[in-house]
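Below: one structure, written as structure tokens.
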Amino acid sequence: MGYDFKKIENKWQRYWAKNQTFRVENQSEKPKFYVLDMFPYPSGAGLHVGHPLGYIASDIYARFKRHKGFNVLHPQGYDSFGLPAEQYAIQTGQHPAKTTQENISRYRQQLDLMGFSFDWSREVRTSDPNFYRWTQSIFLLLFDHYYCNDANKALPIQSLVDCFERKGNSCVNAVCSPSVDTFTAKEWEMFDQIKKQEILLDYRLTYLSEAEVNWCADLGTVLANDEIINGVSERGGYPVTKKKMKQWSMRIGAYAERLLKGLDTLDWTDSLKEMQRNWIGKSVGAKVFFQIEGHDQKIEVFTTRPDTIFGVTFMTLAPELDLVKQITHPDQKQIVDTYIDQTQKRTQRERMADVKNISGVFTGAYVIHPFSQERIPIWIGDYVLADYGTGAVMAVPCGDQRDYDFAKYFDIPIKNIFKGVSIAEEAFTDKSNTVLTHSDFLNDLSYQNAMVKVIESLEEKGFGKGTINYRLRDAIFSRQRYWGEPIPMYYKDGMPQPLDNTDLPLELPEVEKYLPTPEGAPPLGNATKWAWDTRSKKVVANERIDHQTVFPLELNTMPGWAGSSWYFYRYMDAQNSEALVSKEAVSYWKEVDLYLGGSEHATGHLLYSRFWQKFLFDLGILPVEEYAKKLINQGMILGSSAFIYRKSGSQTYVSSDLISDPHTLEPIRVDVSLVNASDELDLEGLKKWQPQFKNAQFELKEIVYKVNREVEKMSKSKYNVVNPDEICEQYGADTLRMYEMFLGPLEQAKPWNTAGISGVYSFLKKYWRLYYQNDQWVVTEKAPSKKALKILHETIKKVTYDIENFSFNTCVSSFMICVNELTAMDCNQKEILMPLTVLLSPFAPHITEEIWEQFGYDQSILNEPYPLVNEAYLVEDSKNYPVSFNGKMRFTLSLSLSLDHQAIQSAVLSDSRTAEYLQGKEPKKWIIVPNKIINIVF
RNA sequence: GCUCGGAUGGUGGAAUUGGUAGACACGUUGGACUUAAAAUCCAAUGACCAUUGCGGUCGUGCGGGUUCAAGUCCCGCUCCGAGUACCA
């Protein structure tokens, strides 16, 4: 009997489940190692071959580390709150919890088929009340803390209250909303409760505010910046507009600098770190205040080029600013109002698509230049964004291209303040090579020197201040959805009040409908039992609301990233009902040693989770400031869609090798399972697949219909999904695992192509035959040859090195070479084959278990690096040997395993031919490249 | 526009980081075994020239440079991918 993968895989998967083989304890003599995957959202479509790529890689690494003697934590769970389950619920009325449960079961089934070594006893689900109870708890902690810039960490809000009572807020250096006014201790005492709460809300790390949000009407919810792509929603591609709403936000900006600095300590790819750096968007510059003519108020601008302040010829404000209406001159009111109206009507997408069109209007108002006292006209224009900086720009057309274009378009004067530079065509934006002129006290200074001097002067005269600005904006935390974590807040006198930690979890209420209410409230507004009784500490029916002891609860839920921002700590202690994770567990596991996931989370999950980490670190709950020192991004596996071509308006389809004029043809996607590896379409299958093809006619060149292929994202709607279950059925899980690794470098995106899988499959069959031939096990105790040992140890060396560098594709190649050579030598000694099995087992765990059962398991070999062959000799028949030039001599050496330079040197020197070339001279310098070439300088 | 990647046979991709370019696999061609098929095994396979020899020439997107030696390092381009986008 040959290699019966079905029998073997089935047997071991059951064995592992029954014996809980991969269960891991929170204490051990061994060193610990934590391998984490980004947990999946269990969608209704199930897994396709792209999903497991990262899981296979992490599983290989986890199994390898176990062999190396580590206590390995390798858990898995589900990010099970989310929009698709809710949308499905809206359409069908099925409770999202039910569909989610079904999807999870299906996922689990598929994951088990691939033989992953997860410790399922630690499974987490973000939608489980026992889990989200702690997500809510973290929310309450954020609510109960503020960020102190002096201590550079989060502190309890009570310490802020103490400070207000003693000295007011002028001495407080904390991160807060820009609207906060200064007050004294006395004034604080005089404020009523509501006012006090309002002020505190301006400091809390999670706060409620009237915010301009990205509203997506089709989804009925607010979206975060990273959920919008090209001005439309990431999910569904619906238009997004701006809208003002009361929203919970997270003061992530407080951590901007630490999030930026922390990147330097992380072993992540440069591109990913760069993405986060850009997203945080630090820019160094200055705030400058411009007095408005005839008003008390000043306009505050942020600029990175305060050195060009004498080049200012106008100001531009974002049309959304409230200030605009206050300062607009009556003569200009109509035109300004019309303009504001227009911009508000435009969606974000239209505004973005329209970058080239310059628009704006003059307000009729002026500011006074702080240094020159010149009158400077104030314009509004939609190239200025309300939510970056202060929403106001000091326009320097000679030094900024957008200001330049705006000035040219509206015929505003342009003042050149750069010596020896022409600005007739475009602005001069080069900072490295400037000399200022027409700039009063900054004349003849370079960029660097002028920056220092102007900021000094601004601060001295009170005209401004050196400032650092971040692009990173506070993250909106409210979602108008049902299927998310309830926010544990109730409302008393319009002010939010937290539940106690001991009252958690605040469980999701049942609702009749999952749509927003007719009044436009979020879906939780449909719940009839959604009020908080402060005496019984229980959720009670809405009709009992009396605003004395029973209050309405918050209707918004948390966004998708809430649970995923800390789930990896829950795995350490998943059943704990006392704390989100116990001190013992967290001090043992500490942090994730290897995190694997897609780079699409660069500015979402991977940033938010770092923020929560730093916050919980400040509170002493977590022991480290960065939870994942090492991160690998697996590349996406893409689908290879198949297209057929219909003649417009007919039922005739033209084979792709006959196409001459593509314009008369409509491309139509067909299911890839109907197409073979040579791009030939199964016509009978197609006719059965969809009724529209039943009476189709085909124009063929040969006897087959050829399709065209195109690489795109794998998705059900593109009919290009390849299912891992089918591959497991046909070739087995071990083949699938190895083939996915063999496909190419882990981090690279690549199209799925089943064509090459037979190579890996025949490798495993060949491997099996090393142990099992003619219906019996054939491994012997005979001593192996030196040559066989060399092959083995070369493979151990190479594969060990490659696994540690996540180069799994070359590992598979090394295995193939090894088995090919061993087969050719007819090699079946136990001393060779057993170590090989240990080495291969992370990749193909089922087949290797089967072999261990027969011959036992010996891991020691992985910890003994290539001890057996360590000598060097010169290749006899090398055509290069020896070559002499310019006083250097080149040799070719054999024997890869010798890293011992002494051995190599003595091998060379003891050769008679060497003496001939050296002619008695002592070698001065050796350049040794093992197994390659050595240079000797003499 | 800016930032970061990348470009190697018919295809996916190797190349120990400056040391025999094309490992390994797919595909293709030929052969063995079979009544036949499947499975398995063997051989050839970058291009061109010579194939009555062993061999030779060119070759890692393009153009230069450094070096005894460059796919790899430096300078200047071209094309492709990803991220980001009026960020003042």
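Note on naming: letters A, B, ... go to the chains in the order of the sequence lines (proteins, then strands), and numbering restarts at 1 for each one. Keep in mind that this is a model prediction, so the values were computed, not measured.
Per the geometry, CZ belonging to A/Phe815 stands 20 Å off P belonging to B/rA23, to the nearest Å. Rounded to an integer number of Å, the gap from A/Lys713 NZ to B/rG81 C1' is 15 Å. Note: CD1 (A/Ile817) to P (B/rA23) measures 10 Å, nearest angstrom. Rounding to whole angstrom units, CZ of residue A/Arg471 and P of B/rG83 are separated by 14 Å. The OH-C1' distance, from A/Tyr388 to B/rA88, rounds to 7 Å in whole Å. When rounded to the nearest whole Å, the span between CD1 of A/Ile299 and C1' of B/rA88 equals 14 Å. Rounded to whole Å, the distance from CE on A/Met816 to C1' on B/rA14 is 13 Å. The CE atom of A/Met275 sits 11 Å away from the P atom of B/rA82 (whole-angstrom rounding).
Side chains of A/Glu257 and A/Tyr470: a donor-acceptor N/O pair is present below 3.5 angstrom, by distance only. No hydrogens or angles considered: nothing links the side chains of A/Glu300 and A/Thr390 as a donor-acceptor pair under 3.5 Å. In this model, no donor atom of one side chain and acceptor atom of the other lie less than 3.5 Å apart for A/Tyr767 and A/Thr823. Of the N and O atoms on the side chains of A/Ser762 and A/Tyr3, not one donor lies less than 3.5 Å from an acceptor on the other residue. There is a side-chain donor-acceptor pair under 3.5 Å between A/Asp403 and A/Tyr383. Residues A/Thr810 and A/Asp802 have side chains that bring a donor and an acceptor to within less than 3.5 angstrom of each other.
In the set B/rU3, B/rC4, B/rA25, the nucleotide with an atom closest to the side chain of A/Ser271 is B/rC4. The nucleotide whose nearest atom lies closest to any side-chain atom of A/Lys766 is, among B/rA25, B/rC4, B/rC41, B/rC41. For A/Ser762, whose side chain is taken as the heavy atoms from C-beta onward, the closest listed nucleotide among B/rA88, B/rC24, B/rC26 is B/rC26. Comparing B/rU40, B/rC26, B/rG13 by their nearest atom to the side chain of A/Ser758 picks out B/rC26. Of the listed nucleotides (B/rC26, B/rU3, B/rA25), B/rC26 has the atom at the smallest distance from the side chain of A/Ala755. When distances run from any side-chain atom of A/Pro745 to the nucleotides B/rA14, B/rC26, B/rA88, the shortest one goes to B/rA14. With B/rA88, B/rA85, B/rC24 as the choices, the nucleotide that has an atom nearest any side-chain atom of A/Trp279 turns out to be B/rA85. The listed nucleotides are B/rC86, B/rU40, B/rA88; the one nearest the side chain of A/Asp382 is B/rC86. Which of B/rC26, B/rG13, B/rA23 sits closest to the side chain of A/Ser813 comes down to B/rA23.
Using cut-offs of 30° and 60° on the angle between ring planes, the pair A/Phe806 and A/Phe808 is perpendicular. Relative orientation of the A/Trp379 and A/Phe406 rings is perpendicular, given thresholds of 30° and 60° on the angle between their planes.
A close approach under 4.0 Å does occur between a side-chain nitrogen or oxygen of A/Ser283 and OP1 or OP2 of B/rA88. Dashed line: the shortest gap from a side-chain N or O of A/Tyr383 to OP1 or OP2 of B/rA88 is not under 4.0 Å. Using a 4.0 Å cut-off, no side-chain N or O of A/Asn809 falls inside it from OP1 or OP2 of B/rA25. Between A/Gln748 and B/rG13 there is a side-chain N or O to OP1 or OP2 distance below 4.0 Å. Distances shorter than 4.0 Å separate some side-chain N or O of A/Lys765 from OP1 or OP2 on B/rU40.
Separation of the P atoms belonging to B/rG31 and B/rG81 is 44 Å when rounded to the nearest angstrom. Rounded to whole Å, the separation between the C1' atoms of B/rG22 and B/rA7 comes to 16 Å. Across B/rG10 and B/rU84, the matching P atoms stand 36 Å from one another, rounded to whole Å. Separation of the P atoms belonging to B/rG61 and B/rG6 is 13 Å when rounded to the nearest angstrom. B/rU29 sits 13 Å from B/rA38 when the P atoms are compared, rounded to a whole Å. Distance check on atom C1': B/rG1 versus B/rG12 gives 35 Å, rounded to whole Å. The same atom, P, is picked in B/rU11 and in B/rG18; the two are 28 Å apart, to the nearest Å.
Glycosidic torsion of B/rU17 falls within 90° of 0, placing the base in syn. Glycosidic conformation of B/rG27: anti, with the torsion beyond 90° of 0.
With sequence neighbours excluded, the residues that form a side-chain contact (heavy atoms from CB on, under 4.5 Å) with A/Ser813 are A/Phe742.
Both A/Arg305 and A/Val812 lie close to RNA chain B; mapped to their nearest nucleotides by heavy-atom distance, the more 5′-ward contact belongs to A/Val812.
Heavy atoms of A/Arg277 sit nowhere under 4.0 angstrom from any nucleic acid atom. Using a 4.0 Å heavy-atom criterion, one finds that A/Asn820 contacts the sugar-phosphate atoms exclusively.
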| Using Watson-Crick and G-U wobble pairs with both distances under 3.5 Å, what is the 5'-to-3' dot-bracket string of RNA chain B, with [ ] for crossing pairs and | for pairs outside the strand? | (((((((..(((......[....)))((((((.......))))))((((.....))))..(((((..]....))))))))))))....
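Among residues at least two apart or in separate chains, salt bridge (charged side-chain N to carboxylate O under 4.0 Å, His left out) pairs with a member in residues 267-276 of chain A are A/Asp267-A/Lys630, A/Glu274-A/Arg277.
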